[in-house]
Amino acid sequence: MNAVEQIQNEVKQALHAAVLKTGLADEQDLPEIMLEAPKNKANGDYATNIAMQLTKLAKKPPRAIAEEILAQLDTAGTSIESVDIAGPGFMNIVLKKDYLGDVVKTVLSQGEAYGRTDTGANEKIQIEFVSANPTGDLHLGHARGASLGDALSNILDFAGYDVSREYYINDAGKQVENLARSVEARYFQQLGLDKDMPEDGYQGPDVIEIAKQLVEEHGDKFVHVSDEERYDFFRQYGLEVELGKLKQDLADFRVPFDVWFSETTLYEDGKIATALNKLRENGHVYEEDGATWFRSTDFGDDKDRVLIKNDGSYTYLTPDIAYHEDKLRRGFDTLINIWGADHHGYIPRMKAAIQALGYDRDTLEVEVAQMVQLYKDGEKFKMSKRTGKAVTLRELVELVGLDATRYFFAMRSGDSQMDFDLDLAVSKSNENPVYYAQYAHARISSILRAAGDQGFAASTEHVDLLTSEKEIELLKKIGDFPQLVGDAARLRAPHRITTYIQELAAAFHSFYNAEKVLDPENRELTEARIALITAARTTIANALKLIGVNAPERM
RNA sequence: GUCUCAGUAGCUCAGGGGAUAGAGCAACAGCCUCCUAAGCUGUAGGUCGCAGGUUCGAUUCCUGCCUGGGACGCCA
C-alpha cells in the first residue's frame, strides 16, 4: 500500500468510526465512505459527502448530520489537520502537510516500479488485439487498436494482473486462398505470361513485390510444377512474407506479443470439430437449408448464425468459436478482445457462443476501437500518395513520428470516434501535446545534470521543507499515480494515463517557473527539491512507458 | 427498421449523482541579466443535443426524440 492509500484509509476509518458513534447509522446500513479530491483546493485535500448520503436514513438536514459526525470525530494519531463543513453538507478535510514527504521516499525507493500495485490480484487476463489478416499492410485502424491494446496490456500488467498478449493469425480462410492466387497471377505476369488476378485479389504493390522475389529466388520453376504444388508453396511463401511484415511493423511500433496463434492449428489439432461437437451435445445446433446453424438467438443474438455453409465450408465464425474455446481452456479468468468498430455487431454472437459452450458470457469483454479519421489542413486526409489506398501504419509513423503517433492514440478514449490532426501531430512546437510531457522529463534531466555538476544530490532528509503551493501540488499529483493506474486498468481506459501525464507535467512546469531548484545558499531545500523532481521524473517516465512513449533526457 | 458508439468552449476532446463543468489548440494581455520560453501567469469563451422522469440534488442515471458514425451476409 502506498502513502496516499494509507492516508485515505486512515481518514475513512476515522470517519466511519465517528458516524457509528453518532448513532445515525449502524454498521449494516452505513454506506461506504467516499473521499474525493475537490477540484478547488480551498475545499481541502479531501472531501466526503457522507452527511448528504445519510439524509434519508437520519431524516435530518445534511449540515446538521455533518455537525454531529464532526463532534464525534477523533483525529488523534491521524494525518487530519482540520475538518470543515461547507456547501450543502460536504465535510472538507485538510491534511497535515508532512505526509506528502513520504511520497518522495516511496518513489525514490521504488524507481521504475513506482505505480506498480497488486490491485489485479494476479487475475489471469488474456488480451487479443490487432489480429489483422496477413494479406497486406496494417492501416490506420489497426494502429489505433495496436496502440490501445499495448497500452492497456502494460497498464493491466502494472496494476498486478497476469497478462498475456495475443495475436490471432487468420491464416486459414478464403482471404489466404486469395492471397495465394494473387501471388500466382503476379508471378506469371512477372514472367511475361498471361494470368488473371482472382476476382477479390489483392491489388497492392506488396503482392507484386512477393512475385518479384519469387522469380529472383526460383526463376520460372513454378510454371512447370503441378497446380497444387505451386498453390501450396505460394500460399506458404506469401503468408510468411506478409506475416513477417506485420510482426516487424508492430515491433517497430513498440507493440510486442506473447503469443502468435495460428488459425490453421485449429484445423490441424481438430479443435474446430471439438467445439462443434460440444455445441451439438449442448443442443444448440440444427440443420436447415443444407446448412448447419448455431441457435445463438437462445443467448440474446438477433438471429441464428450459420456454422457450416451448404457448400460444406465453415463460416468465419466457426473457427473463431473454436479459438475462443481454446482460450477459455487455457484457464484465463478474463478474455479481452479489442475489435474495430466494423466488428461491433459481432459481439452478441461471440458471447452467445461462449455461453453455449458452457462458460460465463461475461468472461469475454470486447473493447471497441472506434474509427479514426485523419485530418490535414482542416480537411479529411484519406489516401496514401504512394499506393492510393488507405494510409498504412508505417506511413503514419514515418509522417508523424513514433512517439507522437503513440501519444495521440493514447490521448483518446477508444470508444469515441477520433479525428487525428496530422498538422498538430507533426508540428515540432509547443502546439503539440506530446512534447509537453517529454519536455518536462528532459527539463528535469537537465536540472539533475546541473545538480550533479554543482555537487548536489537528492536527499529525502528534509522533504518536510517542501511546503510551497507548487511543491504541494506536484507532490499530490505524483502520489496519485498508483491509484490512477489501478483505475485505468479496472476501467480499461488507457487514455486516463495520458490525461494524467498532462496534469503531472503541468504541475512540474508550474513548479519550475515558481521556484528555483538549485540554490547554493540553501543546501537542505535544494536537495529536497532534487528529490522531488527526481520523483517527478520517475513518475513521468513510468507513465509514458505505459503508453509506449519515450522519455528523452534531452530535447 | 433493429442494435451500437457519440453529441460538453470557435476546433479536438477529458470528466462525471453533488460545491464556481476542465484540458490542449485557436484568440487576447503579460513573463527570459535566472536550472532548456517545446515553458509559465492572466483574460475571454459553455442553457454539457432536445423533452420528460428518478433524486434532497442530474451535465452525469432512466425513457423518448433529434443529429452524426458504425454494424446488421451461407463475406472475412
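Note that the structure is a prediction, hence the values are computed from the model and not measured.
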Partner lookup for B:rC34, please. Criteria are Watson-Crick or G-U wobble with both distances under 3.5 angstrom; report none if nothing qualifies.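 When the pairing criteria are applied, nothing turns out to pair with B:rC34, so the answer is none.
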B:rG7 pairs with, by Watson-Crick or G-U criteria that keep both distances under 3.5 Å =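 B:rG7 is paired with B:rC66.
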Review point. Does A:N49 make a side-chain donor-acceptor contact with the base of B:rG18, cut-off 3.5 Å?
Key: yes
*asked:* Using only modelled atom types and a 3.5 angstrom limit, is any donor from either the side chain of A:D200 or the base of B:rA76 paired with an acceptor on the other?
replied: no
Phosphate OP1/OP2 of [N] contacted by [X] side-chain N/O (<4.0 Å):
{"X": "A:K60", "N": "B:rC56", "result": "no"}
{"X": "A:Y500", "N": "B:rG15", "result": "no"}
{"X": "A:R496", "N": "B:rG15", "result": "yes"}
{"X": "A:K309", "N": "B:rA76", "result": "yes"}
{"X": "A:R443", "N": "B:rA37", "result": "yes"}
{"X": "A:Y375", "N": "B:rC11", "result": "no"}

note: A:N432, atom CG; B:rU12, atom C1'; distance rounded to Å ~ 13 Å
For A:D289, report the nucleic acid contact type (base, sugar-phosphate, nothing); a contact means any heavy atom under 4.0 Å. base
query: Is A:H495 touching bases, backbone alone, or none of the nucleic acid, heavy atoms closer than 4.0 Å?
result: sugar-phosphate
Euclidean distance for P, B:rA14 against B:rA6 (whole angstrom)
9 Å
Item to check | Separation of the C1' atoms in B:rG70 and B:rA51, to the nearest angstrom | outcome: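 Comparing C1' positions in B:rG70 and B:rA51 gives a spacing of 27 Å.
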For A:F299 and A:H284, take the angle between the two ring planes, folded into 0 to 90°, and tell me which bin it lands in: parallel under 30, tilted 30 to 60, perpendicular over 60.
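If you compare the ring of A:F299 with that of A:H284, the planes turn out perpendicular.
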query: Just by distance, do the side chain of A:S446 and the backbone of A:A442 share a donor-acceptor pair under 3.5 Å?
result: no
Next on the checklist: Working to the nearest 0.5 angstrom, can you tell me the gap between A:R280 CZ and A:E287 CD?
Outcome noted: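 These two atoms lie 6.0 Å from each other.
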Of all heavy-atom pairs linking A:H343 and A:W339, the shortest is O-CE3, 3.7 Å
